[in-house]
Amino acid sequence: MRPTRLYINIDHVATLREARKTDEPDPVVAARACQESGADGITAHLREDRRHIQDHDVERLMQAARVFNLELATSPEVVQLACRLRPYQATLVPERREEITTEGGLDLRHPNPRLEDTIHRLDQAGIRISLFIDPDIRALEAAKELGVPAVELHTGRYAHSWRRTDAALEELRHAAAYAASLGLFVHAGHGLTYANVAPVAAIPQIEELNIGHSVVSRAVMVGIRQAVLEMREAMGESWEPFLIRS
Ligand code: PXP
């Protein structure tokens with residue numbers, strides 16, 4: 001069996017850049033580094049409010065990413081951009097302006113002409129479509145009805161409760177098996193960390209994981225020593241520890 005694909009979500013590299021509206025850190029440089037160290041592909045979410053990833057990032061990631069998974073909601077101009085650039089995969093997510101991050105899966109309980117139209121347009125553009133949904137049997141059946149090839153199971157509930165109970169993991173296992181029995185490809189993501197990822201990666205039907213925040217956070221911690229050393233070097237002086245004398 002092939003190992004689970006790992007796609008790194010580099011949104012928060014852009015979050016840091018946007019905090020200063022400058023040109024560093026560059027999510028495209030980060031994307032290349034991710035792919036050099038074990039990432040099978042890159043994920044980025046082009047939000048309607050453009051709070052992190054910008055249109056020009058998506059254009060450049062189309063060139064830099066071996067496999068590019070664009071997350072988007074049904075906002076018309078973002079869908080139009082996706083249809084023009086044609087990433088390998090589009091993952092449709094719900095989006096609310098006031099949320100800190102994607103908070104739940106798509107609500108597929110009621111007919112949603114806008115979602116159906118978006119799926120149709122992305123499909124016509126030849127883009128593989130995945131729907132981000134909660135690990136819920138009815139949501140899986142609705143996704144199947146919508147004719148998409150893949151779903152991404154929201155692992156948030158598991159990520160928040162994995163220390164206390166196995167119930168959320170069982171829910172994911174069950175949903176993944178059911179999705180596969182419907183003929184859907186199964187992806188998963190949200191809130192996965194170095195501590196909680198292994199049991200999810202071990203679910204046999206899950207072929208792809210999308211992980212962002214934990215990896216970018218870890219990158220800061222493992223990289224900051226080197227970054228300070230390089231700043232010291234750039235100052236061009238030898239270093240003596242600064243001691244405050246009383
Ligand atoms: N999958 C989807 C659909 C998401 O919206 C996000 C967050 O942007 C992720 C995966 C990655 O979540 P995290 O940053 O918590 O790893």
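Counting convention: from 1, in listed order, for ligands and their atoms alike.
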> With distance as the sole criterion, is a donor-acceptor pair present between the side chains of N69 and E71 under 3.5 Å?
Replying inline: no
>> If you measure every N or O of H12 against every N or O of ligand 1, does any of those distances drop under 3.5 Å?
In response: no
>> For ligand 1 and T91, I'd like to know whether there is a polar contact (N/O to N/O, distance under 3.5 Å).
In response: no
>> Heavy-atom pairs closer than 4.0 Å: do any link ligand 1 to the side chain of H45, the backbone, both, or neither?
In response: neither
> Any nitrogen or oxygen of G191, main chain or side chain, under 3.5 Å from a nitrogen or oxygen of ligand 1?
Replying inline: yes
> Should you measure from each heavy atom of E152, which atoms of ligand 1 turn up under 4.0 Å away?
Replying inline: 1 (N), 2 (C), 3 (C), 10 (C)
> Looking at atom 2 (C) of ligand 1, what's its closest protein heavy atom, distance included?
Replying inline: E71 OE2, 3.1 Å
>> Using a 3.5 Å distance criterion without hydrogens, assess whether the side chain of H160 forms a donor-acceptor pair with backbone atoms of G156.
In response: yes
>> Need the ligand 1 atom indices (1-based, order shown) with element for anything under 4.0 Å from a heavy-atom of V93.
In response: 3 (C)
> Quick one: which of D11, L61, L72, L70 gives a side-chain contact (heavy atoms from CB on, under 4.5 Å) with L46?
Replying inline: L70
> Which atoms of ligand 1 are found less than 4.0 Å from any heavy atom of I211?
Replying inline: 16 (O)
> Which of the atoms in ligand 1, numbered in the order shown and given with their element, are less than 4.0 Å from a heavy-atom of N9?
Replying inline: 8 (O)
>> Give me the nearest non-hydrogen protein atom to atom 16 (O) of ligand 1 as residue plus atom name, then the distance to 0.1 Å.
In response: G212 N, 2.8 Å
>> Heavy atom to atom 6 (C) of ligand 1, shortest distance: which of H154, H52, E95, H190 holds it?
In response: H190
> For the residue pair I8 and A39, what are the closest heavy atoms and their distance?
Replying inline: CG1-CB, 3.7 Å
> With a 4.0 Å cut-off, would you call D57 and R17 a salt bridge?
Replying inline: yes
> What atoms of ligand 1 come within less than 4.0 Å of a heavy atom belonging to H213?
Replying inline: 13 (P), 14 (O), 16 (O)
> Short list, please: which atoms of ligand 1 are under 4.0 Å from a heavy atom of N210?
Replying inline: 10 (C), 11 (C)
> Are side-chain N/O atoms of E95 and H45 paired as donor and acceptor at under 3.5 Å?
Replying inline: yes
>> Tell me whether R138 is salt-bridged to D136, with the criterion being a basic N under 4.0 Å from an acidic carboxylate O.
In response: no
> Looking at E18 and R51, does any basic side-chain N land under 4.0 Å from a carboxylate oxygen?
Replying inline: no
> Does the side chain of Q89 come under 3.5 Å of the side chain of R128 through a donor N or O and an acceptor N or O?
Replying inline: yes
